[in-house]
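Letters A, B, ... mirror the listed sequences (proteins, then strands); counts begin at 1. Because only heavy atoms are used, hydrogens play no part in the values below, and waters and symmetry mates are left out as well, while side chains stay in.
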Amino acid sequence: MSKKNALPVTRADDFAKWYQVAIAEADMAEESGVRGCMIMRPWGYGIWERMQRLLDDRIKATGHENCYFPLFIPLSYFAKEAEHVDGFAKEMAVVTHHRLKAGPKGLDVDPQAKLEEPLVVRPTSETVIGTAFARWLQSWRDLPIKINQWANVVRWEMRTRMFLRTSEFLWQEGHTAHANEQEAVDETLMILEMYRQFAQDDLAMPVVAGEKPENERFPGAVSTYSIEAMMQDGKALQAGTSHYLGTNFSEAQNIRYQDKEGQFQFAHTTSWGVSTRMVGGVIMSHGDDDGLRIPPRIAPYQVVIIPMLRDKPEDEALLEYCKSIRQSIAAANSLGEPVRVHLDSRSGKAAQKRWAWVKKGAPLILEIGGRDAEGGNVTLLNRCDLYQENGKLASQLIAKDDIAQTVSGLLSDIQEQLFTEAQARTESNIRSDIDTLDALDAFFKADKHAGWLEVSWSKPTGEALVAVEEQLKARKLTLRNVPSGKEIAEGICIFSGNPAVERILVGRSY
RNA sequence: CGGGGAGUGGCGCAGCCUGGUAGCGCACCUGUUUUGGGUACAGGGGGUCGCAGGUUCAAAUCCUGUCUCCCCGACCA
């Protein structure tokens with residue numbers, strides 16, 4: 001008997017289709033009818049909420065405070081930083097009116113209600129926050145300023161994909177101001193490392209942290225750093241960015257202070273963010289042909305109990321048994337937190353519910369029937385180890401008294417297993433021994449899901465960099481980042497033949 | 001924004017070419033059956049065919065416009 005998977009499409013057949021089906025089948029999110037905007041359903045939003053909580057703890061632990069700035073930004077704020085406005089001008093949603101009135105075909109914009117100055121729906125908040133910084137900052141004693149906000153932003157993208165690129169998305173954006181370059185660069189790199197740890201420890205998603213090349217910099221930044229994750233189709237996902245903005249925004253917005261000598265100095269600022277794109281990264285890092293596999297640290301429910309109800313009087317006793325199991329599991333800790341356990345007592349077939357939770361990627365599923373209750377057992381299914389070699393489900397019988405401890409141990413094992421698996425996949429798909437464009441072409445032609453190359457290059461700028469970009473663009477490739485620690489290289493540049501300066505990652509990307 | 005495809009009960013689709021009673025599978029509801037692995041049978045409910053115009057005695061079907069989604073490009077977290 002051949003194994004039947006829970007999803008109708010496999011990753012190998014059509015990865016893009018698999019991604020969409022996996023999201024739909026897991027009740028993560030759905031289209032909203034508004035271009036590029038999605039409805040996040042409880043399971044999808046619940047995962048985001050877990051990410052938020054874990055990252056928020058890290059942000060606060062590193063000395064940042066949360067605050068909130070408005071959704072609307074006066075258009076004129078963008079005029080001040082030339083590169084910044086260039087970068088975002090083509091994708092801004094703009095509010096021009098504040099009232100509707102009845103027209104011949106229903107409601108229409110009231111021309112009388114035109115705003116004197118249009119308001120931009122924030123694509124990012126450097127401009128408003130910088131304006132506030134300019135007011136808040138007077139003295140060297142006010143520094144550093146370290147804030148963060150959790151917000152929604154809008155970028156009018158031409159092509160959207162669930163979680164990966166939506167017109168509106170949720171994120172955190174951190175903004176800091178410092179006395180000098182060294183402190184600001186230290187902050188930028190500290191945040192990069194915080195993101196790396198968050199991705200690896202909480203999302204079980206291995207990433208490569210490093211500096212983006214000049215052409216991939218955030219508009220207005222002096223330097224941009226990213227964490228890059230490799231999806232199962234070999235493509236790179238930029239999963240978080242941290243920018244050193246120098247004094248570019250300070251000079252544009254007059255963010256300055258008097259130093260100990262009474263001299264005016266421009267502050268050095270940073271900004272950094274991760275978004276709901278991370279959810280897409282988790283799906284494409286860990287999902288399999290049976291649906292999602294959510295790492296325990298971010299799973300809204302880590303354990304789901306499914307009673308095998310029969311619409312008979314004995315159901316009541318079974319439910320009581322399940323509740324006692326739930327209670328003992330909820331009292332246990334795993335990965336430093338109380339175990340999140342859910343009793344799915346809705347009326348319905350147990351087998352249906354089982355497959356629904358498999359597709360959602362709940363790490364552990366406990367199926368409990370009358371036979372289990374009588375014997376004082378539970379039947380456990382591990383989402384990351386679903387099948388036996390013969391293709392049958394790998395259910396295990398666990399004694400009631402052992403279940404809390406078993407669950408606790410398994411959850412931390414699964415967290416580690418998902419990371420180890422993804423890391424092995426990522427590492428084995430980065431080639432670093434290729435030094436000619438012919439070999440590069442061969443690498444990417446050999447496999448439609450080819451990974452990345454780490455190559456030597458001469459770090460060109462200006463025209464020369466544009467030439468490299470064009471060489472890559474013709475191959476549907478992009479420069480990802482220069483992994484931290486790879487800033488020095490010998491040999492020659494794969495693109496130009498000039499002496500190499502550093503090692504850089506090249507790959508297809510989302 | 002350029003090229004391609006598509007919008008018909010909750011989901012997936014057929015019907016359109018050649019205009020004439022809106023269909024199928026899954027899901028859903030009810031009942032019976034079954035019960036340790038996505039049960040089976042019977043009955044039932046649910047759609048003015050994306051939206052707006054037009055042609056026609058008559059439009060899911062033909063014409064025009066528009067909105068939305070998917071795929072491939074260019075742009076980006």
For nucleotides 30-35 of chain B, which of its nitrogen or oxygen atoms have a protein nitrogen or oxygen under 3.5 Å away, and what is each distance?
{"unit_1": "B:rU35", "atom_1": "O2'", "unit_2": "A:Arg310", "atom_2": "NH2", "d": "2.9"}

Do the charged groups of [X] and [Y] touch, with an N to O distance under 4.0 Å?
X        : Y        : result
A:Glu193 : A:Arg196 : yes
A:Lys323 : A:Glu320 : yes
A:Asp290 : A:Lys359 : no
A:Asp202 : A:Arg58  : yes
A:Lys360 : A:Asp27  : yes
A:Arg11  : A:Asp289 : yes

TODO: Round to the nearest Å and state the distance from A:Asp290 atom CG to B:rG38 atom C1'.
DONE: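 Whole-Å distance recorded here is 12 Å.
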Task: Length of the CD1-C1' vector between A:Ile23 and B:rC69, whole Å - done: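 The answer, rounded to whole Å, is 14 Å.
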For [N], which nucleotide in any strand shown is its Watson-Crick or wobble partner with both distances under 3.5 Å?
N      : value
B:rA60 : none
B:rC24 : B:rG12
B:rC1  : B:rG73

TODO: Please state whether the rings of A:Tyr301 and A:His342 are parallel, tilted or perpendicular, taking 30° and 60° as the class boundaries.
DONE: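 Geometry flag for A:His342 against A:Tyr301: parallel rings.
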Open item on the list: Please report whether the ring centroid of A:Trp48 lies less than 6.0 Å from that of A:Trp171.
Closed with: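 Centroid distance A:Trp171-A:Trp48: not below 6.0 Å, so no.
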Task: Pair A:His243-A:Thr224, side-chain donor/acceptor within less than 3.5 Å - done: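 Yes, a side-chain donor-acceptor pair sits under 3.5 Å.
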- [ ] Test for a donor-acceptor pair under 3.5 Å between the base of B:rG38 and the side chain of A:Arg354, counting only N and O atoms.
- [x]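 Donor-acceptor pair under 3.5 Å: no.
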Task: hbond_proxy A:Thr379 side chain to B:rG36 base (donor-acceptor, 3.5 Å cutoff) - done: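 Side chain to base: pair found, below 3.5 Å.
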Same-atom distance ([atom1]) from [N] to [M], integer angstrom:
N      : M      : atom1 : answer
B:rU68 : B:rU8  : C1'   : 15 Å
B:rG65 : B:rA22 : C1'   : 26 Å
B:rU48 : B:rA59 : C1'   : 12 Å

TODO: Scan nucleotides 70-77 of chain B nucleotide by nucleotide, 5' to 3', and note B when protein non-hydrogen atoms come under 4.0 Å of the base, S if they reach only the sugar-phosphate, - if neither.
DONE: SSSBBBBB
TODO: Step by step, work out the side-chain contact (heavy atoms from CB on, under 4.5 Å) result for A:Gln149 and A:Phe69.
DONE: CA-CA 8 Å; A:Gln149 76 168 350; A:Phe69 282 76; 3.7 Å; yes
Pairs under 3.5 Å (N/O, protein and nucleotides 24-27 of chain B):
none

